[in-house]
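Numbered from 1 within each chain, the chains take letters A, B, ... in sequence-line order. Note that this is a predicted model, so its numbers are computed, not measured.
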Amino acid sequence: MQLATWNVNSLGVRLPQLLDWLAAHPVDAIVLQETKLTDDKFPHAELLAAGYHAQWFGQKTYNGVALLSRTPATDVLRNLPGLADEQARVITGTVAGVRVIGAYFPNGQAPDSDKFVYKMAWLDALQKHVADELSRHPHVVLMGDFNIAPEDRDVYDPVAWAGQIHCTPQERAHFQALLDQGMVDAFRLFEQAPKSWSWWDYRNLAFRKNQGLRIDHILVSEALRGQVQACAIDKLPRKNERPSDHAPVVLSLNLV
DNA sequence: ATGGCCTTATGTTAAGGA
C-alpha cells in the first residue's frame, strides 16, 4: 500500500501536474493541501476519471484539503473536533483499514504574531484529535504540510532560522508531543541523504541552490512501524514548469 | 557580480505564504 501527501499550492493551477504524477505513481491514497478551491469548484470528475475517489473540504483563496483514494474513504471528518475554525485545514478518513489524517498546519507567520497564537491553539486541538483517533484505530497515518521543521538537520541554514517560524521551540515541542503519543516520523526510519527538503522558496533560486526545509511529513502509529517499507520525498515535480513550492512525500506500507 | 517568487481577488496593488 502506498500513501502520499502533497501541498499543491492551488489545485486549480496544479491539476494537470497532479494527474501526471498520479499516472506515474498510482498510490492508493494521497492527501492534498492548499487546494485553494471552494467545494463547488473541486475537480472530482477529472479525478474519478483518473481512478480516484475524492473527499474534499475547501474555501475561497486560502487553505483547502482533500483525500483521494482508489477505494472510497469512509467515516470522513472535516477539520478538528472541538475547534471552531473557519479555515479548511484537516480531512480525516479511513482507507483500506488505515485511518488517514491529512492536514495543512497553520503557517504561523512570526512567533510574535496573532497567527502564531492561532497555530498553537490549532496544534492543541490536533493533539487531541490524534489521541482520539489513536484510541480507536491501531493504524493511523498523519500526513501533510506541518509547517514545522522538527530538527536543525531539517533546515538548510539552522543558524539563520533559529527561533524563526517553523523552527521555534514551541512548534518543535508540538512535533515531539505527536511522537510522544506514539507516532513515528516515517522518513527518519531510513537513512536519508543529508539536506533532504520538502519545500523550497520560490524566491532566490532556492531550489537550484537546494536551500529548503523539511516541513512536509508522514507520521505513522506505532502499530504500523513494522510495516513501513520506505518513505521518500519526490523532488522531481519541483523541477516542473510552474511547480508547487512543495514536493510530494510517499510512504510504502507492507499492507494489502 | 547581482537580484531574483507565486497565487488569489469586491484585482491593476495587497496580502499571504514559508
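- DNA chain B is contacted by A:R203, A:N204, A:L205, A:K209 of residues 203-212 of chain A, taking any non-hydrogen atom closer than 4.0 Å.
- Partners of A:N147 according to the side chain to side chain donor-acceptor pair (under 3.5 Å) rule, which considers only residues two or more places apart in sequence or in another chain, do not exist here.
- If you take atom C1' in B:dG4 and the same atom in B:dA9, they sit 25 Å apart, rounded to whole Å.
- Scanning for side chain to side chain donor-acceptor pair (under 3.5 Å) contacts around A:R214 gives A:D154, A:D185, A:H217, with sequence neighbours left out.
- Annotation: proximity of residues 164-179 of chain A to DNA chain B (heavy atom, distance under 4.0 Å) is found for A:H166, numbered in ascending order.
- For B:dG17, neither phosphate oxygen OP1 nor OP2 lies less than 4.0 angstrom from any side-chain nitrogen or oxygen of A:N63.
- Apart from A:W122 itself, the hydrophobic cluster it occupies contains A:L80, A:L83, A:V90, A:I101, A:F105, A:F116, A:Y118, A:M120, A:L123, A:L126, A:V130, A:L134, A:V140, A:L142, A:F146, A:I148, A:I165, A:F175, A:L178, A:L179, A:M183, A:L219, where clustering links Ile, Leu, Val, Met, Phe, Trp and Tyr at side-chain heavy-atom distances under 4.5 Å.
- Between the side chains of A:W197 and A:N210, at least one donor-acceptor pair of N or O atoms lies under 3.5 Å.
- For A:R238 and B:dC5, the CZ to C1' distance is 9 Å, given to the nearest whole Å.
- Under the rule for a side chain to side chain contact (heavy atoms under 4.5 Å, CB included), the partners of A:P81 that lie at least two apart in sequence or sit in another chain are A:L77, A:H129.
- The CZ atom of A:F116 sits 18 Å away from the P atom of B:dG16 (whole-angstrom rounding).
- B:dT13 and B:dT2 have their C1' atoms separated by 26 Å, with the value rounded to a whole Å.
- By the side chain to side chain contact (heavy atoms under 4.5 Å, CB included) test, A:Q211 pairs with A:Y156, A:A206, A:K209, sequence neighbours left out.
- Between the P atom of B:dG16 and the CH2 atom of A:W199 lies a distance of 17 Å, rounded to the nearest Å.
- The stretch residues 41-65 of chain A participates, sequence neighbours left out, in no salt bridge (Lys or Arg N to Asp or Glu O under 4.0 Å) pair at all.
- Here the closest heavy-atom approach between residue A:F190 and residue A:C231 is recorded as CE1-N, 3.7 Å.
- In this structure, the separation between CG on A:L213 and CH2 on A:W200 is 10.0 Å, given to the nearest 0.5 Å.
- Rounded to the nearest Å, the gap between the P atom of B:dG3 and that of B:dT7 is 24 Å.
- Counting only residues at least two apart or in different chains, salt bridge (Lys or Arg N to Asp or Glu O under 4.0 Å) contacts with residues 64-90 of chain A are absent.
- A:N7 has its CG atom 6 Å from the P atom of B:dA18, to the nearest Å.
- Considering only residues two or more places apart in sequence or on other chains, A:H44 meets the side chain to side chain donor-acceptor pair (under 3.5 Å) condition with none of them.
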What one-letter contact string describes nucleotides 6-15 of chain B from 5' to 3', where B marks a base within less than 4.0 Å of any protein heavy atom, S marks contact via sugar-phosphate atoms alone, and - marks no contact?
SSSSS-----

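- Using a 4.0 Å cut-off, no side-chain N or O of A:H246 falls inside it from OP1 or OP2 of B:dG17.
- A:D145 comes within 4.0 angstrom of the backbone, heavy atoms only, and of no base.
- Across the protein-nucleic acid pair, A:N147 atom CG and B:dA18 atom P stand 4 Å apart, rounded to whole Å.
- Applying the salt bridge (Lys or Arg N to Asp or Glu O under 4.0 Å) test to every pair with at least one member in residues 230-254 of chain A, sequence neighbours left out, gives no pairs at all.
- Separation of the P atoms belonging to B:dA18 and B:dC6 is 15 Å when rounded to the nearest angstrom.
- Among the heavy atoms of the strands, none lies under 4.0 Å from A:F105.
- The base of B:dA18 sits within donor-acceptor range of the side chain of A:N107, with an N or O pair under 3.5 Å.
- Atom-to-atom, CD of A:Q87 to C1' of B:dG17 comes out at 12 Å; the value is rounded to the nearest Å.
- Going from atom CZ of A:F146 over to atom C1' of B:dG17 covers 19 Å, rounded to whole Å.
- The interatomic distance linking A:D201 (CG) with B:dC5 (P) rounds to 10 Å, in whole Å.
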